[in-house]
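Heads up: the structure comes next, in structure tokens.
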Amino acid sequence: DSAIGGNDGVGVGTVEYTDITGGHLNRALLRTSSNGYVKVTQNTNLEPLDALTIDLWFNHDAGPSLASTILNKQGDYKLSINSNNKLQANFDTTQVESTATLSGGNWYHVILTWDSIKLKMYVYDTSNNLLSQNEADLTSVTYNNQNILIGEDFVGMIDEVKIYNY
């Protein structure tokens, strides 16, 4: 999808898009293997100093372990599924983990916010039921001028990735 502000992603390796039924919005990034990802080139408007919001939908293929990375700004901020099948967000040295255990084959809506004081993560299901709300104090923010990688080792679908500087 296109982005406002010139932050369009570019497919690297094997990247497919699919028309979806029962998902969030009619078309999604489909990841069938770990041989590709979407790269968003580093831009200072993706490195705000006072506030950040990441908003996205994902549906991970079913499996005993869903451990994988959904979005990674290589050392700056990262959204992943850990080995306990819980969503985990890292921002600089601060980490927050969802209380909800995720299941493969389901759509989840994630909103991650940072307001220069707190890192907050909200996880919803497709019926807009809040499954998990977690937060942690954010002690510092630094950026290392890296690209954003979306779906680098993720198998499933990712849709409507948005990053805001508020």
Side-chain angles (χ1 to χ4, degrees), residues 3-13 15 29 31 34 36-61 63-104 106-125 130-166:
I4 296 172
N7 295 310
D8 294 341
V10 176
V12 176
V15 176
L29 168 67
R31 299 280 297 119
S34 58
Y37 54 90
V38 171
K39 177 179 88 172
V40 179
T41 303
Q42 186 276 337
N43 189 319
T44 55
N45 66 7
L46 298 171
E47 300 173 344
L49 295 176
D50 11 350
L52 176 79
T53 300
I54 298 172
D55 184 349
L56 61 85
W57 287 80
F58 73 93
N59 182 335
H60 198 292
D61 283 356
S65 175
L66 307 179
S68 58
T69 303
I70 300 168
L71 182 144
N72 186 8
K73 189 166 185 323
Q74 305 170 297
D76 295 340
Y77 45 86
K78 179 178 180 178
L79 184 63
S80 59
I81 302 171
N82 66 24
S83 59
N84 296 320
N85 293 341
K86 295 183 184 248
L87 203 58
Q88 179 175 308
N90 297 78
F91 198 105
D92 204 7
T93 59
T94 302
Q95 176 180 305
V96 65
E97 179 182 276
S98 70
T99 53
T101 301
L102 307 176
S103 301
N106 296 313
W107 280 99
Y108 295 96
H109 181 201
V110 179
I111 301 170
L112 180 66
T113 67
W114 162 69
D115 64 2
S116 77
I117 299 169
K118 296 268 186 197
L119 177 63
K120 299 177 184 178
M121 179 170 57
Y122 305 89
V123 183
Y124 298 89
D125 64 14
L130 181 63
L131 302 177
S132 179
Q133 176 180 342
N134 307 85
E135 65 179 52
D137 292 333
L138 188 60
T139 54
S140 66
V141 175
T142 56
Y143 292 105
N144 61 17
N145 300 318
Q146 296 295 316
N147 299 320
I148 295 175
L149 306 181
I150 301 170
E152 62 185 314
D153 64 354
F154 182 88
V155 178
M157 293 179 277
I158 300 172
D159 198 14
E160 296 301 309
V161 177
K162 297 179 186 104
I163 300 173
Y164 304 100
N165 60 355
Y166 55 82

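The first residue in the sequence is number 1, and the count goes up from there.
Under the ring-ring contact (aromatic ring centres under 6.0 Å, His included) criterion, Phe91 pairs with Tyr77, Trp114, not counting sequence neighbours. With sequence neighbours excluded, the residues forming a salt bridge (charged side-chain N to carboxylate O under 4.0 Å, His left out) with Glu135 are Lys118, listed by chain and number. With sequence neighbours excluded, the residues forming a side-chain contact (heavy atoms from CB on, under 4.5 Å) with Asn84 are Asn82, Lys86, listed by chain and number. With sequence neighbours excluded, the residues forming a salt bridge (charged side-chain N to carboxylate O under 4.0 Å, His left out) with Asp76 are Lys73, listed by chain and number. Under the rule for a side-chain contact (heavy atoms from CB on, under 4.5 Å), the partners of Ser132 that lie at least two apart in sequence or sit in another chain are Ser98, Thr99, Ala100, Val123, Asn134. For Tyr164, the ring-ring contact (aromatic ring centres under 6.0 Å, His included) partners are Tyr166, not counting sequence neighbours.
Using a 30° and 60° split on the angle between ring planes, Trp107 and Trp57 fall in the perpendicular class, above 60°.
Screening Thr41, Leu46, Asn72 against Asn147 for a side-chain contact (heavy atoms from CB on, under 4.5 Å) leaves a single residue, Thr41.
The side-chain heavy atoms of Gln42 and Glu47, taken from C-beta on, include a pair separated by under 4.5 Å. Put simply, the side chain of Val40 does not reach to within 4.5 Å of the side chain of Val161, judged on heavy atoms. Using a 4.5 Å cut-off on side-chain heavy atoms (C-beta onward), Ile148 and Ile163 make contact. Asp125 places none of its side-chain heavy atoms less than 4.5 Å from the side chain of Asn106. When side chains are defined from C-beta on, Phe58 counts as touching Ile81, because their heavy atoms get closer than 4.5 Å. Using a 4.5 Å cut-off on side-chain heavy atoms (C-beta onward), Gln88 and Glu97 make contact. Here the side chains of Leu131 and Leu102 are not in contact, with every heavy-atom distance at 4.5 Å or above. Looking only at side-chain heavy atoms (C-beta outward), Tyr143 and Thr44 stay at 4.5 Å or farther from each other.
Remark: Asn90 CG to Ser80 OG distance equals 6.0 Å, nearest 0.5 Å. A distance of 8.0 Å separates CG in Leu71 from CD1 in Ile158, rounded to the nearest 0.5 Å. The distance from the CG atom of Leu56 to the CD atom of Glu160 is 10.0 Å, given to the nearest 0.5 Å. With rounding to the nearest 0.5 angstrom, the CG atom of Leu112 is 11.5 Å from the NZ atom of Lys120. Here the CG-NZ distance, from Asp55 to Lys162, works out to 5.5 Å after rounding to the nearest 0.5 Å. Atom CD in Gln74 sits 7.5 Å away from atom CG in Asn144 (nearest 0.5 Å).
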Report the C-alpha distance between His60 and Ile70 in whole Å, list the side-chain angles of each, state the deciding distance to 0.1 Å, and finish with yes or no for side chain to side chain contact (heavy atoms under 4.5 Å, CB included). CA-CA 9 Å; His60 198 292; Ile70 300 168; over 6 Å; no

